[in-house]
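All remarks here apply to the structure that follows.
Excluded from the calculations below are hydrogen atoms, water molecules and symmetry mates; all remaining heavy atoms, backbone and side chain alike, are included.
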Amino acid sequence: MNLKYLVFRILFLVFGVCYAQTEKNKPSSEEQFLLSGDWKFHAIYGEGSNYIDISATAEDIVIDNTDQTQVTVKGEWNTKTEGERGSGFFGENYLQRDFKTGKSEGNYVRYSPDLLQSGLYEAFVRFPFASHLTAEVNVKHANGTAPSYFNQRNRCDQWLSLGVFSFNSSDSYYIEVTAITGSSVVADAVMFRPVSKDKMDASVTEKATIFQSDFDDSNWNDLSVPGHWGMLNEFSNYTGKGWYRKKFYLPKNWKGNTKERVRLKFDAVYHIAKVFLNGELVGSHQGGFTPFEFDVTDKLNFNGQNVLAVEADNNALVGATWNWGGIIRDVHLVKNNDVRISYQYIHADPDLKKGSANLKLTIRVKNSSTQKRTILLASTIDEASTPDLQHTITIPANSTKEVQLATTLSANDVKLWHFDTPNLYHITTTATENEQVLDTQKDRFGIRKIELTDSQLILNGEPVRLAGFNRVSDHRYWGSSEPQYLINKDVDLMKNAGANFMRIMHGTQNKKLIERCDEKGILIFEEVNVRELTNPEFTPPLYPLAKQWLKEINRKRY
């Protein structure tokens, strides 16, 4: 996927003629059980660190770039005595190099420790400000080489943990600073801290059992979901892996039924998640701002206690966003019949001369049963007098089928969405089999026409001037897990100040913000969490992870 494709997809999200949003209140054909609220939280020793609290001690081995006996420099690195943008650094100076893509092999700074004894050591790196978003730091240890990637624009002049590794005093090991992509990289100092074997053995045992149903989490911290672990002061700057656990019982009317399926849905976990239910791994997800879900029907206990455990990893893989780690948005169990509407998208194209609007409706139906099913789809629009849209489809077993329907709204039924009059419509689609309703989905949409020239943006035939704000989801307490009242307050303040447009941060936003802007008459420029395609998370030439996030941002919206 190239940059043109990314830009096109983003512009489509912003300037598409209309889009639908699933409403919160679902009918009886779908039941939701909210798992947000009180959870337990804990971090395992050696899985991360709170860098603000780390300082060198007498037991630590610190190697500065000026130590010629333990530092090897390859390539042309410049010696700097003043940190960029006022940032500090360790010792008298540091090294800097402007990398070109593919130049890492012969250009690096290696720090080799002189260890008095073999054992476990936690490795750290320190650097002042530099422009590189994904500088590479490699640790050569007894079991191989471990790469880490750092945004050198933040957490400057702090000891940043690379993890705990085994080193033999008789062998040669190192921490290496380099880069696999172009930009300015700095190398300053590293540190090796001895680690207690007993503490690490206890951590290994804990990690092997922490997701089991009978694990004792009674002494863990209490933490609210949605939220982030920075809400706990001792984890305000914690970077690494953290564990969540929640015990719950299903509603009494939920029974194990071969004709129903249950999905576990996370609206977002930052940044990498592993999910366990009743001691079993149900799946993993990478991407801290997009929703994901797993079918957990066969792993639920319908007659007793269930235990959900989630490992969240907020190691800073993506630049230009603060890594508020944890379960940052709502968690639900969603129960449906084995045939359900999995996707609905409404595209309205108004004819400004006639006043009418052509409506194209895309519906995707998922059949999770073992039999072929014939389903009647029927859609109605609350605010229009147009006849109902109906279509019968046959869906093979364990498959998904998509259908497209079309109609025209008369001029009497068309009220355009505008900054000053954000009119919204509601469409309801039912999936019926033998006169029994299997699923119902109600969405809302607006009708508008946007055109671009070389100098103007035209809304509904009228040249308009965009004025607004760049809003970042970055609250000291709430982080990126903003509650509805805070979203409402910010959007209302923007609207009252005359805003009609909002460019949001690099991360995909909470759907509650999108809905509020629809209601208040504000256009949005939303992005997936891609600052640069050279990030190690993204693999050229197909960029599967970036494509996945684009799909998830769409699925969330419709």
Side-chain angles (χ1 to χ4, degrees), residues 22-26 30-43 210-236 238 241-254 262-271 273-279 282-283 285 288-294 296 299-312 314 324-335 473 475-489 509-513 515-516 556:
T22 304
E23 293 194 331
K24 298 175 184 177
N25 299 320
K26 300 293 291 186
E30 174 178 293
E31 295 184 46
Q32 295 191 8
F33 180 49
L34 183 65
L35 292 176
S36 300
D38 297 330
W39 286 60
K40 290 289 188 177
F41 172 77
H42 175 68
I210 197 169
F211 53 85
Q212 298 293 342
S213 297
D214 58 356
F215 183 89
D216 183 8
D217 59 18
S218 59
N219 63 341
W220 284 21
N221 291 285
D222 295 321
L223 186 57
S224 180
V225 170
H228 61 94
W229 55 58
M231 292 174 168
L232 305 170
N233 281 335
E234 61 268 38
F235 292 96
S236 60
Y238 180 82
K241 296 177 181 178
W243 280 89
Y244 287 77
R245 285 173 58 91
K246 186 177 183 67
K247 300 173 183 177
F248 64 93
Y249 294 85
L250 294 172
K252 293 182 179 180
N253 66 314
W254 285 32
V262 181
R263 292 168 288 129
L264 175 60
K265 181 179 179 182
F266 292 85
D267 286 345
V269 178
Y270 195 90
H271 177 73
K274 290 183 180 179
V275 180
F276 300 81
L277 180 60
N278 296 328
V282 297
H285 181 265
F289 295 117
T290 54
F292 59 97
E293 62 184 39
F294 308 107
V296 294
K299 292 180 172 58
L300 284 168
N301 182 359
F302 287 86
N303 301 310
Q305 180 178 266
N306 292 272
V307 179
L308 183 58
V310 179
E311 180 196 73
N314 78 325
W324 298 104
I327 306 176
I328 63 171
R329 293 177 191 158
D330 282 322
V331 185
H332 288 87
L333 283 170
V334 185
K335 181 170 70 71
S473 302
H475 190 274
R476 167 57 189 93
Y477 180 73
W478 293 107
S480 55
S481 61
E482 303 165 313
Q484 186 71 62
Y485 87 86
L486 182 61
I487 290 173
N488 292 352
K489 178 182 177 181
Q509 290 298 297
N510 194 324
K511 65 180 180 181
K512 297 174 183 177
L513 174 65
E515 292 171 352
R516 186 65 175 177
K556 178 190 74 169

With a 4.5 Å cut-off on side-chain heavy atoms, are [Y] and [X] touching?
{"X": "Ser480", "Y": "Phe289", "answer": "yes"}
{"X": "His285", "Y": "Val269", "answer": "no"}
{"X": "Val225", "Y": "Leu35", "answer": "no"}
{"X": "Arg329", "Y": "Phe266", "answer": "no"}
{"X": "Val331", "Y": "Lys246", "answer": "no"}
{"X": "Phe33", "Y": "Val262", "answer": "no"}
{"X": "Pro251", "Y": "Glu31", "answer": "no"}
{"X": "Pro483", "Y": "Trp478", "answer": "yes"}

Heavy-atom closest contact ([X] atom, [Y] atom, distance):
{"X": "Lys299", "Y": "Asn278", "answer": "O-ND2, 2.8 Å"}
{"X": "Ala268", "Y": "Gly288", "answer": "CB-O, 3.5 Å"}
{"X": "Asn306", "Y": "Gly304", "answer": "ND2-O, 3.4 Å"}
{"X": "Ser481", "Y": "Gly227", "answer": "OG-CA, 3.3 Å"}
{"X": "Asp330", "Y": "Ser36", "answer": "OD1-OG, 2.8 Å"}
{"X": "Asn221", "Y": "Glu234", "answer": "OD1-OE2, 3.5 Å"}

Whether over 12 other heavy atoms sit under 6.0 Å from [X] [atom1]:
{"X": "Asn219", "atom1": "CG", "value": "yes"}
{"X": "Asn303", "atom1": "CG", "value": "no"}
{"X": "Lys40", "atom1": "NZ", "value": "yes"}

State whether the side chain of [X] and the backbone N or O of [Y] hold a donor-acceptor pair below 3.5 Å, judged by distance alone.
{"X": "Arg245", "Y": "Ile210", "answer": "yes"}
{"X": "Tyr238", "Y": "Lys241", "answer": "yes"}
{"X": "His228", "Y": "Gly230", "answer": "yes"}
{"X": "His271", "Y": "Ala312", "answer": "no"}

>> Using side chain to side chain contact (heavy atoms under 4.5 Å, CB included), reason through Val275 and Val296 one step at a time and then give a plain yes or no.
In response: CA-CA 11 Å; Val275 180; Val296 294; over 6 Å; no
>> Evaluate Asp217 against Lys247 for side chain to side chain contact (heavy atoms under 4.5 Å, CB included), listing each step before the verdict.
In response: CA-CA 10 Å; Asp217 59 18; Lys247 300 173 183 177; 3.9 Å; yes
> In a check of ring-ring contact (aromatic ring centres under 6.0 Å, His included) between Phe41 and each of Trp220, Phe235, Trp243, which one passes?
Replying inline: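 The residue from Trp220, Phe235, Trp243 that satisfies ring-ring contact (aromatic ring centres under 6.0 Å, His included) with Phe41 turns out to be Phe235.
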> Any ion pair linking Asp267 and Lys512 (charged N to carboxylate O, less than 4.0 Å)?
Replying inline: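 Asp267 and Lys512: not salt-bridged.
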> In Å and rounded to the nearest 0.5 Å, what is the NZ to CG distance from Lys335 to Leu300?
Replying inline: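 One gets 11.5 Å once the value is rounded to the nearest 0.5 Å.
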>> Checking Asn510 against Glu482 for the side chain to side chain contact (heavy atoms under 4.5 Å, CB included) test, could you report, in this order, the C-alpha distance in whole Å, the side-chain angles of both residues, the deciding distance, and whether it holds?
In response: CA-CA 8 Å; Asn510 194 324; Glu482 303 165 313; 5.6 Å; no
>> For the residue pair Asn301 / Gln305, report whether a side-chain donor-acceptor contact shorter than 3.5 Å exists.
In response: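 Per modelled atom types, Gln305 and Asn301 side chains form no pair under 3.5 Å.
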>> Could you go through Trp39 and Leu308, starting from their C-alpha distance and side-chain angles, then the distance that decides it, and tell me whether this counts as side chain to side chain contact (heavy atoms under 4.5 Å, CB included)?
In response: CA-CA 10 Å; Trp39 286 60; Leu308 183 58; 3.4 Å; yes
